[in-house]
Structure formats: structure tokens, C-alpha cells
Amino acid sequence: DAKTTQPTSMDCAEGRAANLPCNHSTISGNEYVYWYRQIHSQGPQYIIHGLKNNETNEMASLIITEDRKSSTLILPHATLRDTAVYYCIVPSYNNNDMRFGAGTRLTVKP
Amino acid sequence: DAGITQSPRYKITETGRQVTLMCHQTWSHSYMFWYRQDLGHGLRLIYYSAAADITDKGEVPDGYVVSRSKTENFPLTLESATRSQTSVYFCASTQFGGGETQYFGPGTRLLVL
């Protein structure tokens, strides 16, 4: 897997957008960027993934830079329930060992 | 809409005992995975399976045994539990491997005394 770097923790005010960055400078051309989150004590939950175009779904938006060396997960209107650890993962193609690092602990504050 | 389930959800055992953690999925996904998560750390892959009767090691396989006789089940056995295996164990599944979206179970919290 391409190595990813994320900030250890971030805070966000409730109702504001949460922007979570991830660096993946060694990403290869056919490798996707995946985001998962883990709410306290629960199993990780898939959020979104992308290759090179920006993506949006009902949970979040994913912005990938043109050189694909970094990306940002955007939660447009963060709520208290979005408090979780967010993982940015770049799994190698055909590699089933998806490496979850330490992630970013997002705390949404009232 | 059962999805992926794990049992037991909580388990306390003693050093040296054999423990089996169960994972069951109702999607008929080909791939299944076992991860462990130690307090304050990310997930680490123990074993995975690409199909029935096909298994492979992950990052931390030592001390664990898996089998996959049926597509929907993927049990994880600790043959002789050690205190270092105290952890939260998550099972996941996906239809296609190679980094495709994985769907996780609720986890089993194992304490080895």
C-alpha cells in the first residue's frame, strides 16, 4: 500500500464543514484513495473512494489533487455523530492487505 | 438484512485455552478478512480468504488459525491464547479483493487473563 500521512487529531464546530487532509505522495496511477471511519467501539465504516476525479456521496465529498499526491475528505455539515477516527487508505492494486494506520481523530464540538 | 455478524461479542478466557471467534456474512461475498485492533491503534490484518478453502496470511498471523469451509463463514481460532492476544477482533467481507470496499462486523472484544 502507498504510505499515507494524516494529522493525529482535528476539531470542528458542529454545523461547519470538516476538512480532513491526507498525503499519499507515493500513490501509483491505478491506486484508489479510500476513506473509512470508526466511531468509538464500532467496526470501521466505508465512507467514499476515488481515483482522480472528485467524488461526492450522501456522506461526504472527496477532493483529490491533480497530481494525486494528496486528498481531502469533506464532511459538509459536521454533527456530533461524526466524531470518529477517520482513516485514509491507498491499497495496492490486487493487494488484500489494506493497511489502516492511526488515522485522524475528529472531534466535533457543540 | 443481517449483513455481517460476529460471535461472541465479548469473551474472557485464560492463557493457554483455545478460543474460536465466529464470523458470518449473508452477502455471499467471496473475500473475508480478520483484523485485530489493539487499544489506541489502527487495524492490522491477521488472515484473509479469497474463497472457500482459500486462505492467506496477513500482517500478524502468528498464533492464529483460520478455515473457510463455507463461503459465508470464516472462523478465527486462537489455538493457545496468550495475553498479547487481548484485543478487539473485526471481521470484514467484500465481493472483490484487491482493496475493494470492505464491510465490517461489530467486533469481538477478547480478554485473555
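Just so we're on the same page: letters track the sequence lines, and every chain starts at 1.
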_For residues Ile89(A) and Trp34(B): do they belong to one hydrophobic cluster (side chain heavy atoms under 4.5 Å, members Ile, Leu, Val, Met, Phe, Trp, Tyr)?_
no
*Rounded to the nearest 0.5 Å, what's the gap from OG1 on Thr101(B) to OH on Tyr36(A)? Could you check?*
5.0 Å
*Contact class of Tyr87(A) relative to chain B, heavy atoms under 4.5 angstrom*: side chain
*Are Leu78(B) and Val60(B) joined in one hydrophobic group, where the rule is that I, L, V, M, F, W and Y side chains link up if heavy atoms are under 4.5 Å apart?*
yes
*Is it true that Leu113(B) and Tyr89(B) fall in one hydrophobic cluster, defined by side-chain heavy atoms closer than 4.5 Å?*
no
_Part of Phe96(B) lying under 4.5 Å from any heavy atom of chain A_ = neither
*Report yes or no: do Leu76(B) and Tyr35(B) belong to one cluster of Ile/Leu/Val/Met/Phe/Trp/Tyr joined by side chain heavy-atom distances under 4.5 Å?*
no
*Dump the intermediate steps for side-chain contact (heavy atoms from CB on, under 4.5 Å) on Arg44(B) and Arg99(A), then the final yes or no.*
CA-CA 7 Å; Arg44(B) 292 183 293 171; Arg99(A) 296 293 174 100; over 6 Å; no
*Greater than 12 external heavy atoms within 6.0 Å of Leu39(B)'s CG*: no
*Considering only heavy atoms, give the residues of residues 40-63 of chain A separated from chain B by less than 4.5 Å, sorted numerically, with 'none' for an empty result.*
Ser41(A), Gln42(A), Gly43(A), Pro44(A), Tyr46(A), His49(A)
*Engaged part of Arg109(B) at the chain A interface, taking heavy atoms whose separation is under 4.5 Å*: side chain
*When clusters are formed by joining ILVMFWY residues with side-chain heavy atoms under 4.5 Å apart, either directly or through shared neighbours, do Val66(B) and Tyr64(B) land in the same one?*
yes
*CZ of Arg9(B): more than 12 outside heavy atoms within 6.0 angstrom?*
yes
*So do the side chains of Tyr34(A) and Glu100(B) get within less than 4.5 Å of each other, counting heavy atoms only?*
yes
